[in-house]
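To keep things clear, I will list the structure first and then write my remarks on it.
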There are 2 protein chains.
Amino acid sequence: MLSRASKYAVLSTLFLAEHSNVDKKISVKVVAESIDVPNPFLAKLFQQLVRGKIISSTKGPNGGFFLTEKNRQKNVLDIIENIDGLNKFNDCFLGLNECDSKNPCPVHFIVEPFKNSLLGKFRDKTIQEFSKEISENGRVLTLKGLDLS
Amino acid sequence: MLSRASKYAVLSTLFLAEHSNVDKKISVKVVAESIDVPNPFLAKLFQQLVRGKIISSTKGPNGGFFLTEKNRQKNVLDIIENIDGLNKFNDCFLGLNECDSKNPCPVHFIVEPFKNSLLGKFRDKTIQEFSKEISENGRVLTLKGLDLS
DNA sequence: TCATTAAAAGATAAAAAGGTCTTTTAATAA
DNA sequence: TTATTAAAAGACCTTTTTATCTTTTAATGA
Ligand code: FES
Ligand code: FES
């Protein structure tokens, strides 16, 4: 479904939402270790997320990555769009074309309703709201050190 | 979402459902050209689909690929399972683990209902039924030679 | 049985995705 | 203004997926 890059991007952005703010910046290293994701790969990813205004950064001592209030108004789809683009969602499930009800593939009318509805849900909820839910209801950002019995 | 291999597998199996039967076998070449898919790649794929009992084949003159009545009772999920496996559907949307309501990731309760419902729809409809719908209602198996205006 | 036809098998090549490493730039605090 | 810190940038490597090519095997009809 999503590329690994996109998955890491969502997880790490939500991690920053939970643990960072303008006065508390976090280095790639700490984020990478916290959510158990390859450090140099995440570094690359963060560069792109900064360019895409999804997250913020400053260099130098006490520098690092963090989310501003504005960053927190973005939604999950913005993150995915910044990394993978939205083609994955717009394209035909069987790879024919731009998914199109005028020339539907055999599974088109099965898949299309789900796609639109899912897309909506990812668009309607801000990072801030996700963060709130994570801290209130407990959501997992990594399986690292988790006892799965 | 699906690998290209899976997409080709679904399309070509539905093509065989439409155009072949025990008395009318079709060569890879014809299928590949008809649905506009790379010939040698499809040949490899067909080998695997035959082993997985999704489609049937015979060698020699007048040989080729075709669907038996039994083949037609399989569903789309059987095809996908044979090529990609079902991990894509069982795994967590954010790549954490086997998707699990006990340790839900931040998007778990958004994604899970869709996943199950979509899975069900792909399991409930046989190739035969798809084929019927294709011939009755017109569904596109390729964009080759299609005038998209 | 023998030539022909078409799939099966397997080796190989190209492209894309995933991951790593090194050097450069900018911020800051001493 | 300088040493230090951490991100930015870019080059590079590995693995997986996608695609191709060649040889072998099996079925058939003459
Ligand atoms: S045309 Fe294939 S999913 Fe819409
Ligand atoms: S745990 Fe992530 S989708 Fe279920």
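Naming convention: chains lettered A, B, ... in sequence-line order (proteins, then strands); numbering from 1 in each chain.
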Show me the side-chain donor-acceptor pairs of residues 30-49 of chain B shorter than 3.5 Å, one per line, residues at least two apart or across chains.
residue: B:Ser34; atom: OG; partner: B:Val30; partner atom: O; Å: 2.6
residue: B:Gln48; atom: NE2; partner: B:Asn82; partner atom: O; Å: 2.9

Tabulate protein N/O versus nucleotide N/O from nucleotides 13-18 of chain D, keeping only pairs under 3.5 Å, one per line.
residue: D:dT18; atom: OP1; partner: B:Arg4; partner atom: N; Å: 3.1

Nucleotide N/O of nucleotides 7-13 of chain C paired with protein N/O under 3.5 Å:
residue: C:dA7; atom: OP1; partner: B:Val28; partner atom: N; Å: 3.3
residue: C:dA7; atom: O3'; partner: B:Ser57; partner atom: OG; Å: 3.4
residue: C:dA8; atom: OP1; partner: B:Ser57; partner atom: OG; Å: 2.9
residue: C:dA9; atom: OP2; partner: B:Arg51; partner atom: NH1; Å: 3.3
residue: C:dA9; atom: N7; partner: B:Gln47; partner atom: NE2; Å: 2.9
residue: C:dG10; atom: N7; partner: B:Lys44; partner atom: NZ; Å: 2.4

Whole angstrom is fine here: how far is it from [atom1] in [X] over to [atom2] in [N]?
X	N	atom1	atom2	answer
A:Lys7	C:dA17	NZ	P	14 Å
A:Gln48	C:dA17	CD	C1'	14 Å
A:Asp36	C:dG19	CG	P	12 Å

What's the spacing between A:Ile83 CD1 and A:Ser6 OG if we round to 0.5 Å?
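OG of A:Ser6 is found 6.0 Å from CD1 of A:Ile83.
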Is the distance between the ring centroids of B:Phe93 and A:Phe122 less than 6.0 Å?
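Ring-ring flag for B:Phe93/A:Phe122: true, centres closer than 6.0 Å.
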Can you check whether A:Asn62's main-chain N or O pairs, donor with acceptor, with A:Lys25's side chain at less than 3.5 Å?
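No, A:Lys25 side chain to A:Asn62 backbone: no donor-acceptor pair under 3.5 Å.
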Of all of residues 15-22 of chain A, which get a heavy atom below 4.0 angstrom from DNA chain C, listed by number?
none
Could you tell me whether the side chain of A:Thr126 reaches within less than 4.5 Å of the side chain of A:Val76, counting heavy atoms only?
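A:Val76 does not reach A:Thr126 side chain to side chain.
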Side chain to side chain, B:Ser117 and A:Phe114, heavy atoms closer than 4.5 Å
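The answer is yes, as the side chains (C-beta and beyond) meet within the 4.5 Å cut-off.
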Other members of the hydrophobic cluster containing B:Phe109, with the 4.5 Å side-chain heavy-atom rule, please.
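In the cluster with B:Phe109 there is nothing else; it is isolated.
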Restricting to salt bridge (Lys or Arg N to Asp or Glu O under 4.0 Å), what partner residues turn up for A:Lys132, sequence neighbours left out?
A:Glu136
Testing the 3.5 Å rule here: is there a donor-acceptor pair between the side chains of A:Asn71 and A:Ser56?
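Short answer, yes.
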So is A:Lys125 actually on top of A:Phe130's ring, under 6.0 Å and inside 45° of the axis?
yes
